[in-house]
2 protein chains.
Amino acid sequence: MARKSYSWGMTPTQPPSTETGENWLRLDRQICFSLHAASRAFNGVYRVLLKDLGLTYPQYLVMLVLWEHGDLPVKKLGSFLRLDSGTLSPLLKRLEAAGLVTRERSARDERSVEVRLTGAGLALREQALQVPRRIAAATGFGLDEIRDLHERLDRLTTALDAAALEETPGCP
Amino acid sequence: MARKSYSWGMTPTQPPSTETGENWLRLDRQICFSLHAASRAFNGVYRVLLKDLGLTYPQYLVMLVLWEHGDLPVKKLGSFLRLDSGTLSPLLKRLEAAGLVTRERSARDERSVEVRLTGAGLALREQALQVPRRIAAATGFGLDEIRDLHERLDRLTTALDAAALEETPGCP
DNA sequence: CGCAATTCAGTTGTGCGCAATTCAATGGCT
DNA sequence: AGCCATTGAATTGCGCACAACTGAATTGCG
């Protein structure tokens with residue numbers, strides 16, 4: 001009962017559609033939306049786990065890079081994370097306000113700003129060490145399955161980045 | 001040359017670490033970061049393709065749901081997309097300003113707001129029909145591979161959502 | 001050497017996502 | 001009928017992502 005609005009289910013004015021049809025819109029929604037939803041779900045779990053560390057998820061990513069590669073200029077940091085200064089500048093300011101990093105203009109190149117871990121920033125790594133295990137547990141995936149998913153996602157990202165470049169109106 | 005900052009690569013003060021060790025932080029970064037990056041890459045491609053339609057990616061998702069299910073109250077719309085009114089209210093206002101939808105309080109339940117497609121909103125579907133094909137092409141993935149990825153992501157999302165509930169400090 | 005193009009951070013503006021709050025309408029319970 | 005808990009939308013506040021722009025420092029080229 002209550003049969004509301006069948007806006008396009010099987011409109012008689014259109015043939016069942018060959019290729020560019022209804023089912024495509026459905027399929028499409030599934031791919032992009034799944035990824036979107038999974039990303040947000042991941043974010044939600046991280047939000048809970050990182051609350052103790054006083055970090056947001058993107059801040060956690062920045063700390064991961066710093067822990068792994070040591071002090072870095074903002075530019076390098078951004079290239080690791082695929083983020084630009086518009087995102088990083090305010091984020092790093094907040095990390096600085098939290099006492100986890102310092103920002104200092106490089107002496108050799110005054111354009112560049114060096115991001116350095118403070119003692120507190122380095123110490124925080126100890127607490128972060130148990131996060132990955134809890135995340136892995138939350139996914140319910142095995143290690144090999146995670147690895148497989150990771151490989152697919154990276155391939156997807158590479159393909160999408162390449163396509164975005166080609167698709168851009170003014171592209172070289 | 002220029003061997004900078006090896007903050008924790010193999011610090012001699014720590015044993016090679018058994019389980020809760022360095023490699024975990026690396027692995028972890030790969031899972032979550034891959035997903036994060038893939039999501040943003042997808043977003044970038046959609047941004048380009050949807051510019052012609054005058055839609056952002058989340059707005060496109062809303063339109064997809066409306067095209068598929070017809071007019072809906074905000075609440076239902078949100079349950080399809082896993083979004084709350086805090087996100088949807090301003091988004092729908094923008095869609096309304098663009099002339100694609102109308103918002104009207106329900107007569108039967110004054111708390112509820114019904115979102116309806118306008119003629120322009122319905123007409124936009126014709127232009128949207130070619131988006132999925134171009135997206136699928138951009139991924140470089142085959143249909144079955146897409147389907148497989150979709151299944152994994154949905155499973156992941158379900159697991160993460162469940163874990164987030166359990167993990168929450170005050171959980172029933 | 002000196003001027004122009006490039007590089008790097010930062011700022012501004014827009015939009016999404018989510019938590020927390022507010023407010024009105026509704027429904028259940030006595 | 002009257003009261004209270006619940007529901008639905010909206011608003012506020014914060015943080016992230018990205019485009020566009022600013023401004024300073026550096027590089028390169030004639």
Side-chain angles (χ1 to χ4, degrees), chain A residues 32-33 36-48 50-51 54-62 72-79 81-98 103-115 161 164 168-170, chain B residues 32-33 36-48 50-51 54-62 72-79 81-98 103-115 161 164 168-170:
Chain A
C32 64
F33 179 66
H36 195 63
S39 183
R40 284 190 291 138
F42 240 122
N43 216 303
V45 175
Y46 272 107
R47 195 192 325 279
V48 175
L50 294 176
K51 181 171 284 183
L55 293 176
T56 67
Y57 175 58
Q59 289 167 8
Y60 173 70
L61 290 179
V62 167
L72 289 171
V74 173
K75 183 70 178 183
K76 275 263 171 34
L77 202 49
S79 72
L81 297 168
R82 296 169 158 276
L83 291 173
D84 66 359
S85 65
T87 300
L88 286 178
S89 287
L91 189 154
L92 291 171
K93 260 192 209 171
R94 284 186 280 270
L95 286 182
E96 187 178 37
R103 296 181 307 141
E104 210 176 327
R105 295 217 95 95
S106 162
R108 298 195 307 109
D109 187 342
E110 289 279 343
R111 294 170 303 180
S112 177
V113 166
E114 197 82 10
V115 181
D161 280 348
T168 306
Chain B
C32 64
F33 179 65
H36 194 66
S39 182
R40 285 189 291 139
F42 239 121
N43 215 306
V45 175
Y46 272 105
R47 196 192 324 279
V48 174
L50 293 177
K51 181 169 283 183
L55 293 176
T56 67
Y57 175 58
Q59 289 167 7
Y60 173 69
L61 291 178
V62 167
L72 289 171
V74 173
K75 182 72 177 183
K76 274 264 172 34
L77 202 49
S79 72
L81 297 168
R82 299 169 158 275
L83 291 173
D84 66 359
S85 66
T87 299
L88 285 177
S89 286
L91 189 154
L92 291 171
K93 262 192 208 172
R94 284 185 280 271
L95 286 183
E96 186 178 39
R103 296 182 307 141
E104 211 176 327
R105 293 218 96 94
S106 163
R108 297 194 308 111
D109 187 342
E110 290 278 344
R111 294 170 301 180
S112 176
V113 167
E114 197 83 10
V115 181
D161 280 348
T168 305

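The chains referred to below are lettered A, B, ... by the order of the sequence lines, with proteins before strands, and numbering in each begins at 1.
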B:Val115/B:Leu72 under side chain to side chain contact (heavy atoms under 4.5 Å, CB included): CA gap, chis, key distance, verdict: CA-CA 5 Å; B:Val115 181; B:Leu72 289 171; 5.7 Å; no
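Counting any heavy atom pair closer than 4.0 Å across all strands shown, B:Lys76 reaches no nucleic acid atom. Nucleic acid contact class of A:Leu88 (heavy atoms, under 4.0 Å, all strands): none. Base contact: A:Thr87 has a heavy atom under 4.0 Å from a base atom. Across all strands, A:Leu83 comes closer than 4.0 Å only to sugar-phosphate atoms, never to a base (heavy-atom distances).
At whole-Å resolution of the value, CZ in A:Arg105 and P in D:dA24 are 11 Å apart. One can place CZ of B:Arg94 at 12 Å from C1' of C:dG17, the figure rounded to the nearest angstrom. When rounded to the nearest whole Å, the span between CG of A:Leu81 and C1' of D:dC18 equals 15 Å. To the nearest angstrom, C1' of C:dG10 lies 14 Å from CG of A:Leu91. In this structure, CG of A:Leu55 is placed 10 Å from P of D:dC16, rounded to the nearest angstrom. In this structure, CG of B:Asp109 is placed 17 Å from P of D:dT6, rounded to the nearest angstrom. The distance between atom CG of A:Leu72 and atom P of C:dC8, rounded to the nearest whole Å, is 14 Å. One interatomic measurement links the two molecules: CG of A:Leu77 to P of D:dA17, which rounds to 12 Å at whole-angstrom precision.
Here B:Ser112 reaches the OP1 or OP2 of D:dA9: one of its side-chain N or O atoms lies under 4.0 Å away. Contact between the side-chain N/O atoms of A:Arg103 and the OP1/OP2 oxygens of C:dG10 is found at a separation under 4.0 Å. The side chain of A:Thr56 places an N or O atom within less than 4.0 Å of a non-bridging phosphate oxygen (OP1 or OP2) of D:dC16. Residue B:Lys93 places at least one side-chain N or O closer than 4.0 Å to OP1 or OP2 of D:dT11. Dashed line: the shortest gap from a side-chain N or O of A:His36 to OP1 or OP2 of C:dC16 is not under 4.0 Å. For D:dC18, neither phosphate oxygen OP1 nor OP2 lies less than 4.0 angstrom from any side-chain nitrogen or oxygen of A:Arg82.
Both distances falling under 3.5 Å, in either a Watson-Crick or a G-U wobble arrangement, place D:dG28 opposite C:dC3. Pair assignment for C:dA24: D:dT7, on the basis of Watson-Crick or G-U wobble contacts that are both within less than 3.5 Å.
Between the side chain of A:Ser85 and the backbone N or O of A:Leu88, no donor-acceptor pair lies under 3.5 Å. Under the 3.5 Å distance criterion, the side-chain polar atoms of B:Tyr46 are left unmatched by any main-chain donor or acceptor of B:Tyr60.
Side chain B:Ser85 to base D:dG8: no donor-acceptor pair is found below 3.5 Å.
Applying the 6.0 Å contact sphere to CZ of B:Arg103 captures more than 12 heavy atoms from other residues, nucleotides or ligands.
Among C:dA9, D:dT7, C:dC18, the nucleotide with an atom closest to any side-chain atom of A:Arg47 is C:dC18. Distances were taken from every side-chain heavy atom of A:Arg40 (C-beta onward) to each of C:dC16, C:dC18, D:dA25; the shortest belongs to C:dC18. Comparing C:dC16, D:dA9, D:dT26 against the side chain of B:Gln59 picks out C:dC16 as the nearest. When each of D:dC18, C:dC16, D:dG8 is scored by its nearest atom to the side-chain atoms of B:Lys75, the top-ranked nucleotide is D:dG8.
Position along DNA chain D of the nearest nucleotide to A:Pro58 versus A:Arg108 favours A:Pro58 as the more 5'-ward residue. Comparing A:Asn43 and A:Pro90 by the nucleotide of DNA chain C that holds the closest heavy atom to each, the one mapping nearer the 5' end is A:Pro90.
Under the side-chain contact (heavy atoms from CB on, under 4.5 Å) rule, B:Val62 has a single partner from B:Leu83, B:Leu55, B:Leu92, which is B:Leu92.
Rounding to the nearest 0.5 Å places CZ of B:Arg40 at 14.0 Å from NE2 of A:His36. With rounding to the nearest 0.5 Å, the separation of OG in A:Ser39 from CZ in B:Phe42 is 12.0 Å.
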